[in-house]
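Working notes, beginning with the structure itself.
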Amino acid sequence: MRRRAFITLLGGAAAWPLAARAQQAAVPVIGFLDARSPDAISERLRAYRQGLKEAGYIEGENVAIIYRFAENQSDRLPELAADLVRRQVTMVATAGDDVALAAKAATTAIPIVSIVSQTRSGSVLSPALRGQTAT
């Protein structure tokens, strides 16, 4: 009887780490889309990461960011936006109205946040990142 109880206990202990890993929340993935090159907006990228950090999101720890830059070739924006959609990002952060329009044309299901806009300022965080339903 003791042997059977020991084997049952051992089997349960072996399965526990697998169950714990399965219950961990998935890390949100932000798709960052910009028409320029990373060098051209390096200060803005630093400020963006800092804003995320202040909100509790640290790249590589509890949020992942996939960057796509059109390198001043706006005709590349639709394909870059489509790539982010295929990667099933949690949200798309854009910089500029033309970039936001390209992202909007690529998806109706993924929240798009314009962080820099000529007509308005956007929010850094999406409701999707806060665990809420996007409207």
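Since we're looking at a predicted model, the values are computed, not measured.
Interatomic distance, CD of Gln50 versus CD of Glu54, reported as 4.5 Å (0.5 Å rounding). To the nearest 0.5 Å, atoms CG (Asp83) and CZ (Arg76) are separated by 10.5 Å. Atom CD1 of Ile30 and atom CD of Glu59 lie 8.5 Å apart (nearest 0.5 Å). From Met91, atom CE reaches atom OG1 of Thr107 across 12.5 Å, with rounding to the nearest 0.5 Å. In this structure, CD1 on Ile41 lies 4.5 Å from CZ on Phe32, to the nearest 0.5 angstrom. In this structure, CD1 on Ile112 lies 9.5 Å from CG on Leu33, to the nearest 0.5 angstrom.
Annotation: side chain of Val29 is not in contact with side chain of Ile65 (no heavy-atom distance under 4.5 Å). A 4.5 Å side-chain heavy-atom check between Leu84 and Arg68 finds at least one atom pair inside the cut-off. The side-chain heavy atoms of Val89 and Ile66, taken from C-beta on, include a pair separated by under 4.5 Å.
In terms of hydrophobic clustering, with Ile, Leu, Val, Met, Phe, Trp and Tyr side chains grouped at heavy-atom distances under 4.5 Å, Leu45 and Ile58 are assigned to different clusters. Two different hydrophobic clusters hold Leu101 and Val113 under the rule that ILVMFWY side chains link at heavy-atom gaps under 4.5 Å.
The pair Glu79-Arg86 meets the salt-bridge criterion, with a side-chain N (NZ, NE, NH1 or NH2) lying under 4.0 Å from an Asp/Glu carboxylate O.
The two atoms that bring Glu61 and Val27 nearest to each other are O-CG2, 4.4 Å, heavy atoms only. Among all heavy-atom pairs drawn from Thr90 and Pro28, the shortest one is OG1-CA, 3.5 Å. Annotation for Ala82 and Ala106: closest pair N-CB, 4.1 Å, computed over non-hydrogen atoms. The nearest pair of heavy atoms linking Ala100 to Thr94 is CB-OG1, 3.5 Å. Closest heavy-atom contact between Val92 and Ala103: CG1-CB, 4.1 Å.
Residues satisfying the side-chain contact (heavy atoms from CB on, under 4.5 Å) criterion with Ala40, sequence neighbours excluded, are Arg36, Ser37.
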